[in-house]
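Notes follow the structure.
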Amino acid sequence: MNMLAKISNVVGSQASPANAGLVVTNVSKTFSVTAQSRMEPLQALKNVDLFCPQGSLTALIGPSGCGKSTLLRTIADLETPDSGEITICGESIRKILTRGELGIAFQDPGLLPWRTVRENIALPIQVLKRPVGEASAHINTLISLVGLAGFENALPAQLSGGMRQRVAIARALVTRPSLLLLDEPFGALDQILRRTMNLELQRIWMGDVTTAVLVTHGIDEAVFLADQIAVMHGKPGRITTIINVPFERPRPESLFSAPEFHRLCDEVAQHLHH
Amino acid sequence: MNGTSTYAGYGRIILVAAAFLLCWELAGRVPVSGVRVFPPISRIAMDYLVSWDVYLNHVSETIRTAGLGLLIGSVAAAVAALVFCFLPSVERLFQGVNITLFSIPTVAIGPLLVLILGGSWPQIVLAAIMVYFPTMAAILVGLRDIDPRHVDIVRAYGGGSFSVLRFVRLRSAVPGILAGLRVAASLSVLGAILGEFGSGERWGLGTFLLGSLGQSNAERLWGISIAAAAVALAGYGFFALLGKLTASTVQVTMAASRVPEQMSWSAGRGKLSNIAMIAGSVALPFAIWSGGLWILGLSSIVAPGPLDIVSYLFVSPESADNLVRLLSALGQTLPLAALGVVLGLLAAFVLAALSVVSPGMLKIVLPISMVLQSTPLVALTPIILLLLGRDILASMAMAVIVVFFPAFLLLVHGFSLVPRAALETVKVYGGSRLQQLRLISIPHSLDYVFAAAKLVAPRALLGVMVAEWLLTGTGIGNLMDVSRGAFDYGMVWSCAVVSILVSVLAYHLITVTERRFR
């Protein structure tokens with residue numbers, strides 16, 4: 001409870017179990033390095049606490065190798081924590097997962113090359129053993145939401161990098177997730193495309209508001225998109241600061257050149273580099 | 001390989017083939033050599049026209065047995081690959097069996113199968129055995145080498161290993177499966193023909209070849225060679241068309257020599273369980289051998305078990321004589337096979353390296369090698385007989401040819417994978433192509449030299465044994481054939497076991513050398 005009270009001061013919203021979207025409590029994770037190499041075991045996460053209010057977007061930012069992606073993968077149950085607990089709306093991640101209420105997109109879109117855009121977006125439905133036909137209308141909505149109408153039957157190889165990334169995001173949204181995890185979804189894109197995608201992501205996310213966690217390298221991306229920014233440092237991986245982002249939504253593109261935007265970016269940068 | 005370069009490749013093949021046929025026809029018109037060695041192509045065509053019904057009967061029988069063998073072998077390969085994919089410890093246990101099946105000199109077990117099975121089953125089983133390993137390896141690599149991100153996506157929606165299999169692994173494996181079948185199709189033809197040699201069946205290209213070797217009818221021998229090659233290439237081409245958009249053959253041959261290494265005997269957790277695994281993996285082939293005989297209920301005179309062989313060679317009153325006969329035959333065969341491996345690899349290496357220095361040459365040599373690699377080696381036997389006669393040179397040539405083509409293709413592939421940035425680093429400092437080769441390409445493709453050695457060592461033994469059986473009348477290939485005629489089944493089985501052991505031993509010797517090199 002002490003931890004929740006502390007974060008509620010920082011975030012400025014009422015942190016109570018009632019609006020708890022995602023709660024990470026005291027999570028630690030150590031990777032035992034392979035037997036041959038004489039390296040020390042790597043402590044990827046040490047006593048990580050994170051509180052994300054329901055319907056908020058949290059950005060995880062930090063230097064390479066600080067454990068951002070490990071934290072995200074641990075939240076998604078792709079890694080098992082050594083200790084600690086993760087709940088979503090008071091439930092375990094396993095329950096959320098098997099109900100299909102988790103959406104996830106990685107730095108690499110990871111599309112199945114033999115499936116069309118539409119079939120790639122439908123993959124989670126099939127894995128969950130649900131009838132694809134019923135989701136058909138929703139898939140159409142998503143395809144136009146991410147601006148890919150007319151490309152339903154294209155294969156990934158026929159799409160540009162930005163288009164593939166948008167397919168991955170549509171796929172992440174197809175099950176109407178209550179928790180959306182994005183691991184550097186625009187990491188491989190150039191600066192201009194990235195900015196466009198930031199605007200699109202805001203639009204998409206606002207249209208279907210869910211609790212979201214975004215791992216990113218970009219300070220401006222984090223400040224533009226997030227409600228709160230969790231700054232991480234490595235060795236061992238931990239969250240060192242949480243910064244509240246006060247800008248109103250929808251945030252216009254002009255925000256990127258506003259002085260208060262840059263002030264906040266500088267603040268984040270200071271926390272990153274200290 | 002993209003579309004245009006494939007068509008350019010076909011164009012080159014046709015061009016080279018046309019020039020080749022023309023030279024052939026002209027050479028055939030030269031009085032002395034023409035009649036006995038190089039019959040003009042028109043006379044071979046004549047033989048097809050006149051005896052088309054005989055050819056058709058033989059060819060269709062070989063296609064039938066090879067096809068059945070391909071079916072059985074690839075179904076077994078698929079089942080095995082699925083099991084190995086999900087239960088790696090079973091794979092480790094079966095490693096001895098897998099390596100045995102990979103390096104088995106098929107010609108050696110043909111006569112054994114004839115003792116056990118009837119009808120055309122020996123050919124079918126032999127074809128299936130030849131098909132099993134490359135197909136299994138290709139499918140297993142396809143099932144295993146998947147994009148980890150795809151697995152993450154499936155798991156993030158609560159999918160278990162069955163969902164991963166269904167949505168990711170099976171589909172990812174398709175290109176590999178098709179490429180594996182491509183190689184397997186031509187191997188199944190080789191297996192069927194080798195099986196026919198000993199089977200005494202009336203029809204089949206192997207029977208046809210065996211019956212024609214004694215007659216000095218050059219057109220007929222060339223006709224059979226070409227027919228056998230055409231059947232094998234047709235099988236290859238069928239699956240190549242199916243998998244037109246997918247991975248290349250070379251990758252699959254690489255997989256065939258790589259997979260047993262991945263399941264290396266030294267890789268394991270506890271030392272004790274590791275030793276138990278190795279022991280189990282060594283014992284399993286012998287267990288299958290004696291268990292199989294027990295289930296089939298065969299007499300130990302026709303089908304001796306492991307202990308009978310030990311007794312035959314070391315305990316019984318005639319054992320000393322048996323052992324001497326076996327070892328002296330082995331003494332004739334092994335040096336030739338070893339020399340064949342060394343010469344074939346050396347030639348392949350030099351030619352592949354030359355093709356790095358002058359890439360233009362590759363454009364002509366590569367398509368020819370691709371075709372010849374998938375030609376069954378028995379198709380070469382009559383041609384070697386006509387060119388080199390029946391002495392030691394024939395065995396030698398057989399071994400070198402069998403080694404050269406797959407090794408060359410693998411090495412060219414290895415050289416082509418050298419990163420460009422590394423080559424350019426040498427170039428920037430004014431280095432010549434030769435320096436690029438010495439400093440970068442050769443060290444970089446050492447992996448491929450060892451992979452090639454593992455792949456071809458068993459083949460060289462097979463090549464020499466086929467030549468001995470059919471042509472030279474020496475060595476272990478001949479001893480098998482003679483012993484079969486004399487109802488000396490202990491010797492037939494001993495020859496088979498020894499040649500399998502030699503192959504497996506060679507395989508491990510190369511693996512050990514490779515480890516020391518690194």
Side-chain angles (χ1 to χ4, degrees), chain A residues 34-36 69 72-80 92-115 119-130 132 155-157 164 167-168 171-172 174-177 179-185 188, chain B residues 1-3 88 92 139 141-179 242-248 251 261-262 264-275 277 515 518:
Chain A
T34 43
Q36 298 102 307
S69 292
L72 200 80
R73 291 175 61 84
T74 310
I75 294 171
D77 201 33
L78 291 171
E79 307 284 352
T80 316
S92 78
I93 180 66
R94 262 280 126 199
K95 277 190 183 160
I96 297 293
L97 218 110
T98 45
R99 284 210 306 263
E101 287 181 26
L102 175 77
I104 193 163
F106 301 102
Q107 172 169 8
D108 184 291
L111 305 179
L112 301 177
W114 53 83
R115 285 182 167 232
E119 289 166 345
N120 261 297
I121 296 174
L123 177 74
I125 312 259
Q126 285 179 290
V127 174
L128 290 161
K129 301 188 177 72
R130 292 179 188 167
V132 178
L155 290 170
R164 273 180 233 161
V167 177
R171 178 175 64 188
V174 74
T175 56
R176 303 175 201 274
L179 177 65
L180 181 63
L181 303 175
L182 304 167
D183 189 357
E184 292 191 54
Chain B
M1 200 185 275
N2 63 35
R92 266 160 57 79
I139 297 178
V141 168
L143 290 175
R144 274 216 183 119
D145 275 7
I146 50 169
D147 193 329
R149 294 162 307 190
H150 295 162
V151 180
D152 282 348
I153 289 289
V154 173
R155 283 181 54 205
Y157 293 96
S161 47
F162 184 75
S163 289
V164 173
L165 176 72
R166 185 177 151 210
F167 293 109
V168 184
R169 290 190 198 278
L170 284 180
R171 185 54 185 75
S172 303
V174 167
I177 293 172
L178 284 175
L242 265 184
K244 210 172 165 190
L245 300 170
T246 55
S248 78
Q251 282 166 344
E261 191 186 352
Q262 280 177 348
S264 170
W265 278 351
S266 65
R269 283 138 287 169
K271 209 165 192 175
L272 208 69
S273 75
N274 204 16
I275 290 170
M277 250 336 177
R515 283 219 194 98
R518 293 232 177 102

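Sequence lines set the chain letters: A, B, ... in the order given, protein chains first and strands last, and positions in each chain run from 1. Bear in mind the structure is a predicted one, so any value in this text is a computation, not a measurement.
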Heavy-atom pair count under 4.5 Å with chain A, highest-scoring of B/Ile153, B/Val154, B/Val164, B/Val151: B/Ile153
Closest approach of B/Arg149 to A/Gly110 (non-hydrogen atoms, all atoms of both residues): CB-CA, 4.4 Å
Neighbour count above 12 (heavy atom, 6.0 Å) for A/Arg176 CZ: no
Contact class of A/Arg99 relative to chain B, heavy atoms under 4.5 angstrom: neither
Pairwise side-chain hydrogen bond (donor to acceptor under 3.5 Å, both in side chains) hits with a residue in residues 159-176 of chain B, at least two apart: none
A/Trp114 versus B/Phe167, closest heavy-atom pair with distance: CZ2-O, 3.5 Å
Contact class of B/Asp147 relative to chain A, heavy atoms under 4.5 angstrom: neither
Chain B interface, residue from A/Thr98, A/Asp77, A/Leu111 that has the most non-hydrogen pairs under 4.5 Å: A/Leu111
Heavy-atom contact with chain B under 4.5 Å, split by part of A/Leu123: side chain
Proximal component of A/Gln126, with respect to chain B [non-hydrogen, under 4.5 Å]: both
Contact summary for A/Leu97 and B/Arg155, nearest pair of heavy atoms: CD2-O, 3.4 Å
Structural part of A/Ile96 lying under 4.5 Å from a heavy atom of chain B: neither
Heavy-atom closest contact (A/Leu128 atom, B/Tyr157 atom, distance): CD2-O, 3.3 Å
